[in-house]
Amino acid sequence: MSSELRYTANTQLEHLHARYTGTGHADLTKYDWLTHQHRDTLASIVGHPTLTSYLAIADGEALGRVKFEMTERMLQPCGPPPRKDDD
């Protein structure tokens with residue numbers, strides 16, 4: 001019985017990871033997780049015209065400028081990746 005539950009749980013987890021790419025996995029670093037979160041937020045803001053308009057009005061910028069800056073920020077939203085130590 002427990003092996004059937006384990007199989008079902010793993011199958012459900014794999015299904016969630018396939019469906020929602022930002023759910024992460026065991027080897028995901030803090031930097032990668034944070035980068036995914038920032039990119040998702042920026043993509044959501046650009047994808048919803050009312051949010052983009054709100055930010056444009058609040059910043060006193062043109063709508064196209066706000067969209068451009070958001071998409072540019074998606075390249076490296078949290079700065080350059082941390083250095084990996086290969087000792």
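Everything quoted here is computed from the prediction, not taken from an experiment. We number each residue from 1, following the sequence as shown.
Of all non-hydrogen atoms in Pro80 and Tyr31, the two that sit nearest each other are C-OH, 3.7 Å.
For the atom pair CE (Met70) and OG (Ser44), the distance works out to 10.5 Å, reported to the nearest 0.5 Å. To the nearest 0.5 Å, atom CZ of residue Arg73 and atom CG of residue Leu42 are 5.5 Å apart. Here the CG-OG1 distance, from Asp40 to Thr35, works out to 10.5 Å after rounding to the nearest 0.5 Å. Considering CZ of Arg65 and CD of Glu72, their distance stands at 9.0 Å, rounded to 0.5 Å.
With no hydrogens or angles considered, a side-chain donor-acceptor pair links Asp32 and Thr29 at under 3.5 Å.
Both Leu51 and Leu55 belong to a single network of hydrophobic side chains, linked directly or stepwise wherever heavy atoms of I, L, V, M, F, W or Y lie under 4.5 Å apart.
Environment of CZ in Phe68: sparse, with no more than 12 heavy atoms of neighbouring residues, nucleotides or ligands closer than 6.0 Å.
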**Message:** With side chain to side chain contact (heavy atoms under 4.5 Å, CB included) as the criterion, how do Val46 and Met74 come out once you've worked through the C-alpha distance, each side chain's angles and the decisive distance to 0.1 Å?
**Reply:** CA-CA 11 Å; Val46 170; Met74 280 188 225; 4.2 Å; yes
**Asked** Given the rule in the side chain to side chain contact (heavy atoms under 4.5 Å, CB included) test, do His36 and Leu28 qualify, once you have shown the distances and angles that lead to the verdict?
**Response** CA-CA 11 Å; His36 288 303; Leu28 193 68; 4.2 Å; yes
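Using modelled atom types, one side-chain atom of Thr41 and one backbone atom of Gln37 make a donor-acceptor pair closer than 3.5 Å. The backbone N or O of Leu75 sits less than 3.5 Å from a side-chain atom of Arg39, completing a donor-acceptor pair.
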